[in-house]
Amino acid sequence: MTTTDNAGLLSLSGISKSFNGYTAVRDASLTINAGELVCFLGPSGCGKTTLLRLISGLETPDSGHITLGGQDITHAPPQFRNFGMVFQSYSLFPHLTVGKNVAYGLRCRKWGRVDTRSRVQEMLELVQLAEHIDKLPHQLSGGQQQRVAIARALAGRPHVLLLDEPFSALDAKVRAQLRGDMRDLQSRLGITTILVTHDQEEAMTVADRIVVMKDGRIEQIGSGPEVYHHPRTAFVAGFVGDINVLRVQRAASGALMLAGLPLTIHGPVDNDCVRVGIRPEAVTLAVGNETENCFPATVVKSQFMGKQTRLEIVLADQFLSLEVYGRVNIEIPPGDQLAVFLPPHEIRQMNEH
Ligand code: ATP
């Protein structure tokens with residue numbers, strides 16, 4: 001593989017893969033830019049790992065093409081691709097020292113002793129484990145073992161780094177620390193990286209772009225703020241955060257109606273729109289000077305949460321959650337009547353697919 005300026009640029013076009021008649025990945029198309037960190041995000045079984053394995057060459061697609069730096073690698077064996085991989089379980093060789101684990105791929109590629117030693121040293125310094133070079137994996141913590149696995153994956157200067165849920169076996173604090181360190185290292189080295197995760201917070205925290213998957217399909221590709229604030233489907237909206245989904249109707253005049261009252265939306269709405277979404281933190285209690293989108297509602301539940309109070313309300317026959325921030329001096333007991341304001345720029349049409 002020749003290294004060109006855009007050697008990290010990876011493109012998938014119309015990739016599909018089935019196992020015994022079950023379609024695990026369906027018509028996936030995506031371009032990843034050099035130096036980008038992209039997360040594959042979705043629930044268990046949505047095809048994230050299969051897509052990563054197709055990119056790595058561990059699986060072959062039934063249809064579609066994969067290119068790297070403009071070169072077709074659809075059928076290239078994994079070793080030809082030079083992609084570094086880190087898996088969920090610590091896949092270090094238990095009987096080899098940390099140094100020998102990191103050196104393993106280089107020795108397989110017949111690197112000389114001196115070059116190997118200096119690269120291993122460099123990699124272990126990068127992941128701040130240089131002083132552990134002679135230890136065996138079981139003498140390290142889980143987080144340290146994953147750092148070694150990252151050092152090993154980076155040692156051969158891969159075109160792309162593929163990470164399959166590498167932090168999920170670690171406790172929350174170590175996981176947050178390690179993913180932050182991984183992101184810093186990734187940015188510093190400018191290495192094109194794909195991270196598979198089912199954790200939306202993890203994806204939001206580290207990704208340049210998130211690929212949201214469901215049932216083998218890519219539902220949306222965008223930055224964290226894009227997928228959070230402009231979800232294309234009800235699934236994406238609900239997977240990356242809480243969302244109120246409300247039924248709407250069209251009046252004979254063409255106006256959009258919610259609970260018998262006109263609803264204004266700033267942004268694109270199709271004529272056949274039947275559902276809209278709004279995040280709980282975007283709904284506010286009406287203060288009285290609103291000129292539109294003010295709806296009477298009844299409190300069903302009020303939950304004090306410290307920083308905010310979460311209210312469950314019913315608006316005609318539709319349930320809605322909202323979060324009231326700051327000091328709420330008044331008790332809002334169930335059964336209370338109030339009015340809520342739905343800011344027009346915070347409401348989105350919710351598509352099924
Ligand atoms: P998880 O987060 O649980 O790892 P995932 O999103 O990574 O899930 P995949 O592991 O890609 O999902 O699996 C997608 C679907 O394809 C699942 O239904 C899985 O059972 C099926 N599948 C994956 N690999 C194989 C295989 N080698 N043979 C048969 N079915 C497979």
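In this text, all values refer to a predicted model and were calculated from it rather than measured experimentally.
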Show me the side-chain donor-acceptor pairs of residues 39-48 shorter than 3.5 Å, one per line, residues at least two apart or across chains.
from	atom 1	to	atom 2	distance (Å)
K48	NZ	G42	O	2.9
K48	NZ	P43	O	3.1

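- D115 meets the side-chain contact (heavy atoms from CB on, under 4.5 Å) test with W111; sequence neighbours excluded.
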Show me the donor-acceptor pairs within less than 3.5 Å that the side chains of residues 204-212 make with the rest of the protein, sequence neighbours left out.
from	atom 1	to	atom 2	distance (Å)
T205	OG1	E201	O	2.4
D208	OD1	R183	NH2	2.7
D208	OD2	L37	N	2.7
R209	NE	E36	OE2	2.5
R209	NH2	T31	O	2.6
R209	NH2	E36	OE1	2.9
R209	NH2	E36	OE2	3.3

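- Listed for the N101 side chain is no donor-acceptor partner under 3.5 Å among the backbone atoms of A149.
- At a threshold of 4.0 Å, the pair D242-R310 counts as salt-bridged, since one of the basic side-chain nitrogens sits closer than that to a carboxylate oxygen.
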Pairs of donor and acceptor atoms involving the side chains of residues 281-294, under 3.5 Å and at least two apart or interchain, shall be tabulated with distances.
from	atom 1	to	atom 2	distance (Å)
E281	OE2	Y228	OH	2.4
E290	OE1	V287	N	3.4
E290	OE1	G288	N	2.9
E290	OE2	V287	N	2.8
E292	OE1	T264	OG1	3.2
N293	OD1	T264	N	2.7
N293	ND2	T264	O	2.8
N293	ND2	L342	O	2.9

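- With sequence neighbours excluded, no residue forms a ring pair (Phe, Tyr, Trp, His ring centres under 6.0 Å) with F295.
- Residues satisfying the ring pair (Phe, Tyr, Trp, His ring centres under 6.0 Å) test with F83, not counting sequence neighbours, are none.
- In this structure Q318 satisfies the side-chain hydrogen bond (donor to acceptor under 3.5 Å, both in side chains) test with no other residue, sequence neighbours excluded.
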Salt bridge (charged side-chain N to carboxylate O under 4.0 Å, His left out) assessment of D317 paired with R247: CA-CA 10 Å; D317 61 346; R247 292 187 313 280; 3.2 Å; yes
Which is it for M257 and R250 under the side chain to side chain contact (heavy atoms under 4.5 Å, CB included) test, yes or no, and what are the steps along the way? CA-CA 6 Å; M257 306 294 285; R250 281 273 176 200; over 6 Å; no
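- For the side-chain hydrogen bond (donor to acceptor under 3.5 Å, both in side chains) test with K135, the passing option among H132, H138, Q139 is H132; the others fail.
- With sequence neighbours left out, the side-chain hydrogen bond (donor to acceptor under 3.5 Å, both in side chains) criterion links D272 to no other residue.
- F19 is linked by a ring pair (Phe, Tyr, Trp, His ring centres under 6.0 Å) to nothing, counting only residues two or more places apart in sequence or in another chain.
- Applying the ring pair (Phe, Tyr, Trp, His ring centres under 6.0 Å) test to F341 and every residue at least two apart in sequence or in another chain returns nothing.
- Taking R107 as the reference, nothing meets the salt bridge (Lys or Arg N to Asp or Glu O under 4.0 Å) condition, with sequence neighbours excluded.
- Cation-pi check for R152 over F93 is met; the charged atom lies under 6.0 angstrom from the ring centroid and within 45 degrees of its normal.
- A search for side-chain contact (heavy atoms from CB on, under 4.5 Å) contacts involving L178 returns Q146, R147, F167, L170, not counting sequence neighbours.
- With respect to the salt-bridge test (charged N to carboxylate O, under 4.0 angstrom), the residues E202 and R179 qualify.
- Salt bridge R53/E59: present, at least one basic N to carboxylate O contact under 4.0 Å.
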